[in-house]
Amino acid sequence: MSSVQLHEKIPNNVDLSSDQRLQRALEEWQPHFLAWWREMGPERFQEDAIYLRTAVSVDAGGWAHFDYVRMPEYRWGIFLAEPVPERRIGFGNDFGKPVWQEVPGEHRNTLRRLIVTQGDTEPASVEQQRRLGATCPSLYDLRNLFQVNVEEGRHLWAMAYLLHTYFGRDGREEARALLERRSGNPDKPRILGAFNQPIDDWLSFFMFTTFTDRDGKYQLLALAESGFDPLSRTCRFMLTEEAHHMFVGESGMSRIVERTAECLRAGKEPRSAGALDLATIQKYLNFWYSLSLDLFGSEVSTNAAQFFGAGLKGRPREEERYQDHLALEGSYAMDVYEGGQLVQKPIALRSAMNEVLRDAYVEDCLKALGRWNKRLAGTGAELVLPSRRFHREQGMFAGHCFDPAGHEITAEELARRRDEWLPSDADRAYVRSLMAHPVLEPGHFASWIAPPPRGINGQPIDFRYVRYNEQ
Ligand code: BYC
């Protein structure tokens, strides 16, 4: 059960060959996945050899397999973390009962919706990032981009597996629909807001992988608690991949900030030295952070209460962190609108679960920011997280206007000052001009980003991470 069968057409550790019906269904889906990858996956470089890591087993050491691979030949497959013996539901109305190995009829629609929403983000992010190869700052970064992309492709496989295995015909239809929606397409958009925004420059890419992938981490942690054991196991394995995506984002931003700080310390204006100025970085941060906050849904949410009560989506590390796993009695003190004014009110804990998760996320984002600000030491400048009310399109603050400090302002003031707080057309044009050409010489880096302290998997920084145009 546990060894990964890599030689099979669909690599897996779920003993796929013993379930002919499922194997056939997935083998039918596979060419559609590959067609989607060819159409919507990375532009160019598809025929080049990329130094990628591939999962060969699900234990910690199983990750260490690195080799050159052409992306369409990546061993996408189905990997679930090992089952926890005698696992029991850790929260909600069925607390303490054995976990489900099949979908309980009463939770079928809700669970399917959660899996589809999660699954939809994975191909969306690949679509959003598909043009970045043309402007990469180095071969090292190009390889990291493609590592993230192939793993998002594998995360899509993970959700398609659950849909095919546990949801019959409608699951198969949903799995096909995951390959049919398109990021940013008004006729068939991706489900969640942030996944319809273009990511057409590397500043956006590093912000996205820092802030939006970090939402992924927290949503996966919450789903890893699920009483539906196959979902829990698949999310636990996905989390091991997610960590690398956040490393790519956070370390990429650290290196950008490093270059900016070097300019500031030398008394140079960063833009004049081909680097990014802090104001532009802050505006991109404000944009991607606020969009990522939206991904947690409404502050007060009956959906979230239902997910928790049903034992489908919990709180991260429920067992270690919380004593009361029913959450029927506590409350969460929240600022809510009453008669047009924000007043603090106790909200039933189950209805506040989105906010509980968002709190953990914000705390984690602050740590990332602290690491970036260390790079700015001695410059007198720093980056800040805007208020969680700023620039929101979901939840209680959507439809109201706030400045980044969280003060409510008029729509006129927001319109007047928008370009101070969010990327303007001119900022975007500057970022594009800075990143107009790819840097494809091993060991070379664009002017706006510092080299990393070390290479990937112990390789030198000037390693040929992408064998570009070599046959
Ligand atoms: N955009 O009660 P509400 C990742 C909808 S990222 C558009 O406020 P709820 C990754 C909501 O669907 C993690 N619509 O929220 C990262 C609902 O619609 P219906 C992805 C939104 O349901 C980087 C309505 O508004 N995983 O893995 O409590 C790269 C009211 O809902 C948005 C998940 O999201 C939005 N931002 O929570 C690659 C986990 N927010 O039902 C990958 C699964 C809300 O009225 N999803 N709506 O039609 C969930 O747990 C929940 O669906 C949400 C929303 C947390 C997203």
Side-chain angles (χ1 to χ4, degrees), residues 109-130 145 147-159 162 178 181 183-184 189-197 199 204-226 228 231-232 234-235 237-239 241-246 248-249 288-310 312-316 347 350-358 360-361 388 391-399:
N109 287 347
T110 315
L111 204 46
R112 192 187 57 211
R113 202 180 70 188
L114 277 171
I115 293 170
V116 166
T117 309
Q118 175 65 49
D120 190 69
T121 63
E122 318 291 359
S125 69
V126 175
E127 293 167 3
Q128 287 170 290
Q129 297 164 13
R130 64 191 298 263
L145 165 71
Q147 183 74 57
V148 169
N149 292 161
V150 292
E151 286 176 0
E152 299 300 9
R154 211 207 59 74
H155 289 185
L156 167 60
W157 268 92
M159 294 300 125
L162 293 176
L178 289 175
R181 285 186 286 273
S183 175
R190 292 293 174 185
I191 296 170
L192 298 173
F195 295 90
N196 286 304
Q197 290 292 330
I199 303 177
S204 297
F205 172 65
F206 290 134
M207 288 297 182
F208 180 93
T209 34
T210 298
F211 292 115
T212 313
D213 275 277
R214 192 173 250 93
D215 165 56
K217 169 182 164 185
Y218 280 87
Q219 298 296 345
L220 290 175
L221 280 170
L223 294 175
E225 297 293 325
S226 184
F228 178 49
L231 175 62
S232 163
T234 199
C235 289
F237 185 66
M238 287 161 75
L239 278 161
E241 294 163 309
E242 203 64 42
H244 175 71
H245 305 182
M246 284 181 304
V248 169
W288 284 106
Y289 174 67
S290 53
L291 280 184
S292 304
L293 287 174
D294 275 343
L295 294 172
F296 290 83
S298 303
E299 288 72 11
V300 183
S301 166
T302 48
N303 285 346
Q306 192 208 344
F307 300 154
F308 188 90
L312 302 178
K313 183 179 173 191
R315 290 170 290 191
I347 301 296
R350 284 189 177 185
S351 300
M353 285 302 170
N354 286 343
E355 200 59 6
V356 169
L357 197 58
R358 190 160 20 228
Y361 168 80
R388 57 174 99 182
H391 188 235
R392 292 290 303 280
E393 286 171 12
Q394 295 290 329
M396 184 159 58
F397 302 114

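In listed order, ligands and their atoms are each counted from 1. This is a predicted model, so every value here is computed, not measured. As a basis for the values below, the full set of heavy atoms in this structure was taken, side chains included, without hydrogen atoms, waters or symmetry mates.
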Quiz item: Heavy atom of Y218 under 4.0 Å from ligand 1?
Solution: no
Exercise. Run the contact test for I191 against ligand 1 with a 4.0 Å cut-off on heavy atoms, strictly below, and give the result.
Key: yes
Does any N or O atom in [X] lie less than 3.5 angstrom from one in ligand 1, N or O only?
{"X": "G193", "value": "yes"}
{"X": "Q118", "value": "yes"}
{"X": "T212", "value": "no"}
{"X": "D294", "value": "yes"}
{"X": "R113", "value": "yes"}

List the atom of [X], the atom of [Y], and the distance in Å for their closest heavy-atom pair.
{"X": "N149", "Y": "V126", "result": "O-CG2, 3.6 Å"}
{"X": "M238", "Y": "A158", "result": "SD-CB, 4.0 Å"}
{"X": "G249", "Y": "T210", "result": "C-OG1, 3.1 Å"}

Short list, please: which atoms of ligand 1 are under 4.0 Å from a heavy atom of [X]?
{"X": "T117", "value": "46 (N), 52 (O)"}
{"X": "T121", "value": "4 (C), 10 (C), 20 (C), 27 (O), 38 (C), 42 (C)"}
{"X": "D215", "value": "6 (S), 13 (C)"}
{"X": "F208", "value": "23 (C), 29 (C)"}
{"X": "S298", "value": "3 (P), 8 (O), 15 (O)"}
{"X": "K313", "value": "49 (C), 50 (O), 55 (C)"}
{"X": "N354", "value": "9 (P), 15 (O), 28 (O), 37 (O)"}
{"X": "S301", "value": "2 (O), 3 (P), 9 (P), 28 (O)"}

Starting from [atom], which protein heavy atom do you reach first, and at what distance in Å?
{"atom": "atom 29 (C) of ligand 1", "answer": "E152 OE2, 3.3 Å"}
{"atom": "atom 56 (C) of ligand 1", "answer": "L295 O, 3.6 Å"}
{"atom": "atom 34 (O) of ligand 1", "answer": "L192 CD1, 3.7 Å"}
{"atom": "atom 15 (O) of ligand 1", "answer": "G297 CA, 3.6 Å"}
{"atom": "atom 30 (C) of ligand 1", "answer": "N303 ND2, 4.2 Å"}

Quick check against the 3.5 Å criterion: does [X] have a side-chain atom that pairs as donor or acceptor with the backbone of [Y]?
{"X": "N354", "Y": "F296", "result": "yes"}
{"X": "Q128", "Y": "Q197", "result": "yes"}
{"X": "E127", "Y": "S183", "result": "yes"}
{"X": "S125", "Y": "E122", "result": "yes"}
{"X": "D294", "Y": "Q394", "result": "yes"}
{"X": "N196", "Y": "R190", "result": "yes"}

Quiz item: With sequence neighbours excluded, what pairs up with F307 under the ring-ring contact (aromatic ring centres under 6.0 Å, His included) test?
Solution: none
Self-check item: Residues that F211 engages under ring-ring contact (aromatic ring centres under 6.0 Å, His included), provided they are two or more places apart
Solution: Y289, W372
Quiz item: Are E299 and R388 ion-paired here, with the side-chain N under 4.0 Å from a carboxylate O?
Solution: no
Practice problem: Taking only Lys NZ, Arg NE, NH1 and NH2, and the carboxylate oxygens of Asp or Glu, determine whether R358 and E355 approach each other closer than 4.0 Å. | Solution: yes
Self-check item: Location of contacts on T302 toward ligand 1, heavy atoms closer than 4.0 Å
Solution: neither
Exercise. Check each heavy atom of H245 against ligand 1 and say whether those closer than 4.0 Å belong to the side chain, the backbone, both or neither.
Key: neither
Quiz item: Counting heavy atoms only, which of Q394, M159, M246 comes nearest to atom 35 (C) of ligand 1?
Solution: Q394
Quiz item: Just one of V356, L357, L220 clears the side chain to side chain contact (heavy atoms under 4.5 Å, CB included) bar with P316, so which one?
Solution: L357
Practice problem: With the side chain counted from C-beta on, respond yes when Q219 and K313 share a heavy-atom pair under 4.5 Å apart, and no when they do not. | Solution: yes
Practice problem: Working to the nearest 0.5 Å, report the span between CG of D120 and CD1 of I115. | Solution: 13.5 Å
Do protein heavy atoms approach [atom] to less than 4.0 Å?
{"atom": "atom 11 (C) of ligand 1", "result": "no"}
{"atom": "atom 45 (O) of ligand 1", "result": "no"}
{"atom": "atom 6 (S) of ligand 1", "result": "yes"}
{"atom": "atom 18 (O) of ligand 1", "result": "no"}

